[in-house]
Each structure stands twice: as structure tokens, then as C-alpha cells.
Amino acid sequence: MARVAVIGGGAAGLVAAIEAARTGAQAVVFEAADRVGKKILATGNGRCNMSNADIMGDDYNRPDFVMEAMNALPPEEVQRFFADAGLLAFEEDEGRIYPYSNKAATVVDVLRMCLDEAGVDVRCGARVASVAPLNPHGADRWSVVLEDGGSETFDAVVVAVGGAPAKGLIPTDVKFVSTHPVLAGLKTDTANIKGLSGIRVRARLYLDVEPEDLRDAWMDVVDPEFEADYTGPETRGEVLFRDYGISGIAAFDMSRFVRPSQMENRSVSENSFKFSQNPFK
């Protein structure tokens, strides 16, 4: 029986382990935290946006790359995976797919049930220090070394730790391109939003600047139907007020136009928020 190590107990790692086990492999998940699926609980503002029914390549910077992945695993296949596991979901506006419970914890519970049914060996509190081929001239098998000094041998290793893996997790003969955050919540001046943390609204965000020069900007959260004279980029959708500023789909989309250390040097109206020194959360 082939042995497969999956490093990382997030959404990608858990599904990889489940599918590996279903094909007959002995799958082992190594998760550094005290339980798997913790980051899933924070997705979709706690609701878990599982997929999107209207994924288009043109929505991304590299359409060909994205569509190659989407064609291999289209949204309907993602929905079928969860439906077969007994999870009911529904489609919201803009194609977003959520569990009927509107709770990310439901998705985590279903994945953990699938892990148990497939016989996946889940090891929490197990931090992997390095991965290395046992045969340097041809990676027939792999050695997975833990921080506590223990090691195990596997026929295949899946590294699913997100965009910033520790140095030792990527073998030197495996090509890896470092990543950086693209979509994020925005830190803002919070004077005008005190007491609103946790409240969601449908709104329009816009930067009142020339798109070519975003060093000085102010951002308004306004009614979606409000018309204003401005020259900068805009986004529409859900805005979630947080203690540090704003989050939600519209804020994530707007974050691609904002730069670290961007500051406000204009007057701020009662419905606009001044950027703090580091706008990224």
C-alpha cells in the first residue's frame, strides 16, 4: 500500500488526504495546530464561501493558468464532493456557494467525518521541519522529518501549507515561486465606525484618486445606488466592519488597488475612512 503524507490540515490538505485514502493509499495528515480546519472557520466571514458558480478566467491576472485548474476541477465537481458527503449548499448572488447552515463549522465537521470514514491518520500538533528525497538522483521515496526529531518515509508528499511554506518544506529540486498577499482586509481610521464591528452592509467602495497615482487617497463606503463624481477604482458588494477597519468581498477586491503605507492627506467626510499607516490586515 502506497503511503502519502499531507503537510497542512487546511481545506486543500484535507481534501487531498481524503481523495488519496479513497484510492487505497495510506494517508497521513501532519497539522501543526491543535486541530485541523481552523482557517476554514474564518473563511467567508465565518460562513465559508465554498466555491463560485460563475468563475471566469478573465477575472484573474493569468486567465490561462486559472482556467487550466478550473477545467480540471470545475465548481460543480467541488459541489458534488460536498453533496456526496451530505452537505447541502446554496448559491447566493454573484455566484457564491455557501453551506445551507451559513456556518463554516459545518464544512469543517463534514471534512472531519470524511477523514474518519476514509481512514486518514490525522496528527495534530505535528510540525514538519523538512522534506527530502531518499534517492537524490530520483525521488522514489521521501523522508518527512518532524521538529521533534522523528521521521517517516512516504511514497508521495503533498505540501498544502498555503502561500508561505517554511524553507525546509520545499526540496531544493522542486521549483517554487514565493508569493505575497493580494486580497486582504483594509486597516482604516476607525473614528467613524466605532461600534459597527461585525455588521455587514451591501455598499460601494471607491478610491477618489487617479488610478495611476494611489499615493494619496480617501475611500468612501456608500449606498450602492449613490452617484458621486470621482476618478478612481470602485467595487461593489458586501462590506464587513471590523475593529481595525473593513473586510468583506468588496474590501478584498479594493485591496488590490491599495499599497502599503498609503496615507490620506485630504479632508475626511462623515462616511469615509482614512487609511492607517499600514492598510493591510
Side-chain angles (χ1 to χ4, degrees), residues 1-43 48 50-51 62 65-66 68-70 72-73 77-78 81-82 84-85 87 104-182:
M1 178 185 294
R3 301 192 75 221
V4 178
V6 179
I7 305 172
L14 297 183
V15 173
I18 291 167
E19 290 298 300
R22 286 175 175 175
T23 62
Q26 180 187 4
V28 180
V29 174
F30 295 97
E31 168 56 45
D34 59 354
R35 62 172 295 180
V36 297
K38 273 192 167 183
K39 290 185 178 179
I40 298 175
L41 298 175
T43 60
C48 188
M50 298 159 51
S51 184
R62 297 177 60 187
F65 172 80
V66 171
E68 182 178 353
M70 291 301 104
L73 186 67
E77 287 296 325
V78 176
F81 172 89
F82 283 105
D84 290 344
L87 180 67
T106 303
V107 178
V108 176
D109 289 342
V110 167
L111 288 173
R112 295 179 69 183
M113 178 189 70
C114 289
L115 290 169
D116 291 340
E117 290 181 344
V120 177
D121 182 2
V122 178
R123 304 181 189 178
C124 295
R127 187 178 296 274
V128 175
S130 65
V131 177
L134 291 178
N135 179 3
H137 302 292
D140 298 322
R141 306 196 77 194
W142 300 84
S143 173
V144 173
V145 180
L146 302 178
E147 282 193 347
D148 63 8
S151 66
E152 294 188 45
T153 300
F154 293 89
D155 298 285
V157 178
V158 177
V159 179
V161 296
K167 184 177 180 180
L169 297 185
I170 307 297
T172 56
D173 59 342
V174 176
K175 183 179 180 181
F176 174 73
V177 178
S178 298
T179 62
H180 61 275
V182 176

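Closest non-hydrogen pair, Ala17 versus Leu115, comes out as CB-CD2, 4.4 Å. A pairwise comparison of heavy atoms in Leu41 and Ala105 identifies CD2-CA, 3.6 Å as the closest pair. Between Phe30 and Ala5, the shortest heavy-atom contact is CE1-CB, 4.0 Å. Between Val108 and Arg35 the shortest heavy-atom distance is CG1-NH2, 3.8 Å. Across all their heavy atoms, Val29 and Gly9 have their closest contact at CG1-CA, 4.1 Å. Here the closest non-hydrogen pair linking Ala16 and Val158 is CB-CG1, 4.4 Å.
In this structure, the salt bridge (Lys or Arg N to Asp or Glu O under 4.0 Å) partners of Asp34, at least two apart in sequence or on a different chain, are Lys38. For Val159, the side chain to side chain contact (heavy atoms under 4.5 Å, CB included) partners two or more places apart in sequence, or in a different chain, are Ile7, Val157, Val161, Leu169, Ile170. The side chain to side chain contact (heavy atoms under 4.5 Å, CB included) search around Ala21 returns Ala27, Ala118, Val120, not counting sequence neighbours. When the side-chain hydrogen bond (donor to acceptor under 3.5 Å, both in side chains) test is applied to Asp109, no partner is found at least two apart in sequence or on another chain. Partners of Gln26 according to the side chain to side chain contact (heavy atoms under 4.5 Å, CB included) rule, which considers only residues two or more places apart in sequence or in another chain, are Met1, Arg3.
Legend: side-chain hydrogen bond (donor to acceptor under 3.5 Å, both in side chains) pairs involving residues 10-25, not counting sequence neighbours, sorted by first then second residue: Glu19-Arg22.
In this structure, Leu134 CG and Asp155 CG are separated by 10.0 Å, a value rounded to the nearest 0.5 Å. The SG atom of Cys48 lies 6.5 Å from the CZ atom of Phe82; values are rounded to the nearest 0.5 Å. From Ile18, atom CD1 reaches atom CD of Glu117 across 9.0 Å, with rounding to the nearest 0.5 Å.
By the neighbour-count criterion of 12 heavy atoms within 6.0 Å, atom CD of Glu77 is densely surrounded, having more than that number from other residues, nucleotides or ligands.
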Working for side-chain contact (heavy atoms from CB on, under 4.5 Å), residues Val122 and Glu31: CA-CA 8 Å; Val122 178; Glu31 168 56 45; 5.6 Å; no
Kindly indicate, with the supporting measurements, whether the criterion side-chain contact (heavy atoms from CB on, under 4.5 Å) is fulfilled by Val36 and Leu111. CA-CA 9 Å; Val36 297; Leu111 288 173; over 6 Å; no
